[in-house]
Amino acid sequence: MKLKLPDSIASSMDLSSLLIDLRNYSRWFAHESIKKQVNAKHVSEPPIVSDAATELIHHCTNKVDIENLINTLEKYRKSAPSITITLAAPPTNGVKITLVSWCRKNIAPDILVSFRFNSILLGGMVIRCGSRILDLSFRRKILAARQNFPEVLRHV
C-alpha cells in the first residue's frame with residue numbers, strides 16, 4: 001500500500017494520534033459488520049475521528065483494508081526519516097503545514113517533522129536531522145558577529 005499522508009500529520013506524535021483514531025474506527029467497523037451479519041436493528045454512529053483519519057478511511061472498504069492501513073502506518077512510524085525544527089515561538093498550524101509540505105517536497109516524501117520552540121533563538125530556526133544540526137537562528141548570527149555588534153548599536 002503506497003501511503004501519502006496529509007501535511008497535517010507532521011510528527012510521530014500526530015501519527016500516534018491518527019493511529020488511535022483508526023483503531024477506534026476499526027473497532028466500531030468490526031462491531032457494525034457483525035450487527036449487519038445478524039440483522040441487528042440498532043446501528044450506532046461512527047466514532048468522531050480527525051479529518052486526516054477520515055481522509056484515509058475513505059479509501060478503505062472493509063476491515064482488512066483498515067487493518068492493512070493501521071499496519072502500514074505503524075511500520076511507517078518506525079522507519080520514516082525524521083527531522084526536528086526548533087523555532088523562536090510556537091508555530092501556527094499554517095506555518096507547520098507549510099514547513100512540512102516543503103520538507104516532503106524537497107527532502108523526502110515520507111519525512112516526519114516535529115516542532116519545538118525556544119525563545120532564546122530570537123528568530124530563525126534550528127534544524128536537527130540525526131546527529132546533524134543546522135543553526136539558522138538570529139542568536140547564532142549575533143554571537144558570530146559579536147565584535148561588530150557594539151558598532152552596529154552605535155549607529156542605530
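Computed over heavy atoms, backbone and side chain alike; hydrogens, waters and symmetry mates excluded.
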Does any non-hydrogen side-chain atom of D51 lie less than 4.5 Å from one of S8? no

If hydrophobic clusters are built from ILVMFWY residues whose side chains come within less than 4.5 Å, do V100 and I83 share one? yes

Would you give the length of the straight line joining atom CD1 of I127 to atom OG of S137, rounded to the nearest 0.5 angstrom? 11.0 Å

Distance from I57 atom CD1 to E55 atom CD, nearest 0.5 Å? 11.0 Å

Sub-4.5 Å side-chain heavy-atom contact between D110 and P81: yes

Student check: side-chain heavy atoms of V126 and I133 closer than 4.5 Å: yes

Quick one, F115 and T84 - any side-chain contact, counting heavy atoms below 4.5 Å? no

Quick one: OG1 on T86 to CD1 on I120, what's the gap to the nearest 0.5 Å? 11.5 Å

Would you call I85 and L87 a side-chain contact if the rule is heavy atoms closer than 4.5 Å? yes

What residue pairs, at least two apart or across chains, pass ring pair (Phe, Tyr, Trp, His ring centres under 6.0 Å) with a residue in residues 13-36? Y25-W28

When rounded to the nearest 0.5 angstrom, what distance separates CG in N62 from OG in S33? 8.5 Å

If you count the non-hydrogen atoms of other residues, nucleotides and ligands that lie under 6.0 Å from CZ in R116, is the total more than 12? no

Given side chains that start at C-beta, do those of R23 and L19 come closer than 4.5 Å, heavy atoms only? yes

Could you tell me whether K35 and E32 make a salt bridge, using a distance below 4.0 angstrom between a side-chain N and a carboxylate O? yes

Interatomic spacing from NZ in K141 to CG in L122 - rounded to 0.5 Å: 12.0 Å

Hey, does Y76 have a side-chain heavy atom less than 4.5 Å from the side chain of L112? yes

So that I can tick it off, tell me whether E74 and K78 are bridged by a salt bridge, with the cut-off set at under 4.0 angstrom between side-chain N and carboxylate O. no

For the atom pair CZ (R77) and CG (L18), what is the distance rounded to the nearest 0.5 Å? 10.0 Å

May I ask you to test the I9-P6 pair for a side-chain heavy-atom distance under 4.5 Å? yes

